[in-house]
Amino acid sequence: MNKCPQCKVILYNHTDTCPLCHCVVEELEPAEEKRAKVKFGEGAPYPNAQRRHKWLRFALRLVLFVFVIVEALLILINHLTTPGFCWAAITGVALAYGYLFLLVWIRNDSGFALKVGLQILFTMVVLYEIDKFTGNYGWALQWAIPGTILLGDGIVFILMMLNRSRWFSYSLLLILMGVCSLGILGLYFIRVISNLVLPVICVAVTGIYLLATVTFGEKAMKRELGRRFHI
Amino acid sequence: MSSTYRICATLKEPVRRELLQEAEEKVLSQFETFRMRLRMGFFWYYFEENDRKAPEVQEESDYPGAYINKSRNNQYMFRVTYYRNRINLEVFHALTDGFGGFVFLKELVYQYLRLSHPEELAGEKDKLSTGIFLDPEDSYLKNFKKGADHSKAYGSRKAVVLKGEMLPKGEVSVLHGYFKIDELKAAAKAHGATINQYLVGNFIYAMYKEYLKGAPSKLPISCCVPVDLRKMYDSHTMKNFFVIVSAKFQPTKEDYSRDEVLDFVIATLKEQTTKENLETILSYNVSNEQNKFLRPIPIFIKNIAIRKVYNSSADTATATMTNVGNVELREPYQKYVEHFYAMLAMSKGQNMKGAICSYNGTLIVTFTSCLAERSIQKRFFQSITADGVEVAVETNEYTEEQPAEQPVKGKRKKKHEQVSTV
């Protein structure tokens, strides 16, 4: 233990200077140290938390750095090989998407279902934008987004199976898939898309799935929805 | 920034992880209030019983009050960590306040000690202490008065905000000050104050002298002081039940003396801790929840509004100083425990907070701050030592000399090498 001659405080930390005034401290005599310990008790030091924070920051910056380098290389290759078609923009969006979701999954504390739901929605938006960017052929709305909805149904099924005791936690995610399915079917009726097959499959799969959860999990589902929509 | 607080017990022996884990599992199974998870509904957040495994006890590796990532904590809203002799309990404030936190921590310590000293504590029953209350009632709802005028519950006037060089994001500076209660009581009495008023007053004086440099200010220094309502309403709830009053001091001229500042602080605290005022604040806290027009608004809109209110009210308080009171342990356990203390995490607009806790004749004031400078803390301790009170100080600064098992580096190493050579 030390003592600061300026602040007149006893210091538990093994430092050369006072943490309050930065004055060089004096070591307590053994008898004085013993008296202080009897009076105030033993101190309780802290671990080196700074190291952990530095590593986390470094890891995220390293990933960002690698992504930037990769994208720069892709832009260069794009320019040298196919200057007429800017496909490097798509890879850029994909890398930014990947980094954004890495941050969301690491830092965001939302529930698993919410993160999955947001990721599915964002994936649909990214697919739609890529389609628009590459000539607006309509593949995103016709195939990719309905495919994402079916993938979402599959993810909900896997999550419910993996977490059987709390399967109802994912019911809102399933309802979201239902809303998206109806939305994509609606696009057919307002003539935005011409292919009816995948939207109908989406509505049928999600609808049957929802019906099954309501039928077989009557009480749990009712309780879950009651809580979620309690005013 | 997080709404988390940390309460700690330091033992007189190193903590063993596996025993602490076992103790946590046993105690948690009996504490319904802590066995909860927070879920998001369409209109409200709500609590739901959490039947997952108890969160894993881990060795402390982060700064106090770091955000509790629920998805990595089995959805629990508290975590138990340890470091050497210290057991840390960090609690998300939505779960319970310091009172509830200490009830849990004490039972955790009792259980841990029964596991680590089975022979010495053989006479102790392996169950929760008799006489503690595990009441999960919402005392806010139970005690609030409908129709009470709460227009003046909280002021919206801006206050001084402590600014300066900040620590890197996520880092927190912790500073404990150890006092003997009898010395502190005598010093407070000499100034005509209670210990709480004396400490809050000195804190405000330190901010006035070090941040405002003793100059007049258009804005007041406002220090939030949480007040426990349990005694007033005869409540034994394990959930949150407190309101916040503000100790205020606005310098209108140059160089107020410490006694003048203390007088201002004592007066504003007395003025606000009346039954009527506390009832008004309580009613205000509940009124929005009860509002028929606000209830059906979807949560994402409520969140936007709440964030806006939170951001706009962030600069209405300079700091917080909370007193969690005196911790008492049952006799056979006392000899194993050295200290108890508490600390608060940072929140928007408040870059420094203090927490007071006492145990076994020693009172510990813990300052947490995200400011790199410690001039306010320095002035605070210097003011108190000037009253003849001896103080010992400890920080969370890591020094290479700390761990006995690690090689000693740097300046100190040379010193030790010289000693050993001699």
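Given the structure is predicted, the values throughout are model-derived calculations rather than measurements. In what follows, every chain begins at residue 1, and chains take the letters A, B, ... in the order their sequences are listed.
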> Has the side chain of B/E338 got a donor or acceptor atom that lies under 3.5 Å from a matching backbone atom of A/E42?
Replying inline: yes
>> Quick check on the interface: out of A/K8, A/Q50, A/K3, A/H22, who has the most heavy-atom pairs with chain B under 4.5 Å?
In response: A/Q50
>> For the OH atom on A/Y188, are there more than 12 heavy atoms of other groups (residues, nucleotides or ligands in this structure) within a distance under 6.0 Å?
In response: no
> Are any side-chain N or O atoms of A/R228 and backbone N or O atoms of B/F42, one a donor and one an acceptor, separated by less than 3.5 Å?
Replying inline: no
> Salt bridge check: are A/K39 and B/E390 linked by an N-O gap of less than 4.0 Å?
Replying inline: yes
>> Counting only non-hydrogen atoms closer than 4.5 Å, does B/P298 touch chain A with its backbone (N, CA, C, O), its side chain (CB onward), both, or neither?
In response: neither
> CD of B/Q382 to CG of A/L20: how many Å apart, nearest 0.5 Å?
Replying inline: 7.5 Å
>> Taking the side chain as everything from C-beta on, heavy atoms only, tell me whether A/C21 gets closer than 4.5 Å to B/R374.
In response: no
>> Counting only non-hydrogen atoms closer than 4.5 Å, does B/S71 touch chain A with its backbone (N, CA, C, O), its side chain (CB onward), both, or neither?
In response: both
> Taking side chain as C-beta onward, heavy atoms only, is B/R52 less than 4.5 Å from A/R166?
Replying inline: yes
> chain A: which of B/G41, B/S375, B/C8 shares the most heavy-atom pairs with it under 4.5 Å?
Replying inline: B/G41
> Is it true that atom OH of A/Y99 has more than 12 heavy atoms of other residues, nucleotides or ligands lying nearer than 6.0 Å?
Replying inline: yes
> Taking C-beta and beyond as the side chain, do A/C18 and B/K378 meet within less than 4.5 Å on heavy atoms?
Replying inline: no
> Does atom OH of A/Y97 have more than 12 heavy-atom neighbours from other groups under 6.0 Å away?
Replying inline: yes
> Side chain, backbone, both or neither: which part of B/S61 has a heavy atom under 4.5 Å from chain A?
Replying inline: both
>> Quick check: do A/I10 and B/V391 have side-chain heavy atoms less than 4.5 Å from each other?
In response: no
> Taking B/Q75, B/K12, B/R72, B/R37 one by one, which has the highest count of heavy-atom pairs under 4.5 Å against chain A?
Replying inline: B/R72
>> Between B/L175 and chain A, with a heavy-atom cut-off of 4.5 Å, which part of the residue counts as in contact: side chain, backbone, both or neither?
In response: side chain
> Hey, is the main chain of B/M40 close enough, under 3.5 Å, to the side chain of A/R227 for a donor-acceptor pair?
Replying inline: no
> Between B/E59, B/E183, B/E373, which has the largest tally of heavy atom pairs under 4.5 Å with chain A?
Replying inline: B/E183
> Measuring heavy-atom distances to chain A, does B/Y341 have an atom under 4.5 Å in its side chain, in its backbone, in both, or in neither?
Replying inline: side chain
> For B/D62, is it the side chain, the backbone, both, or neither that has a heavy atom closer than 4.5 Å to a heavy atom of chain A?
Replying inline: both
>> Only pairs of heavy atoms separated by less than 4.5 Å count here; which of B/T362, B/T10, B/N69 has the most with chain A?
In response: B/N69
> With a 4.5 angstrom heavy-atom cut-off, which part of B/R295 approaches chain A: side chain, backbone, both or neither?
Replying inline: both
> Under 6.0 Å from the CD atom of B/E49, do we count more than 12 heavy atoms belonging to anything else shown?
Replying inline: yes
>> Nearest 0.5 angstrom please: A/I231 CD1 to B/I297 CD1, how far?
In response: 11.0 Å
> So which part of B/K169 gets closer than 4.5 Å to some heavy atom of chain A, the side chain, the backbone, both or neither?
Replying inline: backbone
> Considering only heavy atoms, which portion of B/V172 lies under 4.5 Å from any heavy atom of chain A: side chain, backbone, both, or neither?
Replying inline: neither
>> Is the distance between the ring centroids of B/Y63 and A/Y46 under 6.0 Å?
In response: no
>> Does any backbone or side-chain atom of A/S169 lie under 4.5 Å from a heavy atom of chain B? Answer side chain, backbone, both or neither.
In response: both
>> Counting heavy-atom pairs closer than 4.5 Å to chain B, which one of A/G41, A/S165, A/A36, A/C4 comes out on top?
In response: A/G41
>> Between B/R84 and A/P45, is there a side-chain heavy-atom distance shorter than 4.5 Å?
In response: yes
>> With a 3.5 Å distance limit and no angle check, can you tell me whether B/E394 reaches the backbone of A/A44 through a side-chain donor-acceptor pair?
In response: yes
>> So does A/F40 get a backbone contact from the side chain of B/H339, meaning a donor-acceptor N/O pair under 3.5 Å?
In response: yes
> Are side-chain heavy atoms of B/R39 and A/E224 found at a separation under 4.5 Å?
Replying inline: yes
> Between B/Y178 and chain A, which part of the residue has a heavy atom less than 4.5 Å away: side chain, backbone, both or neither?
Replying inline: both
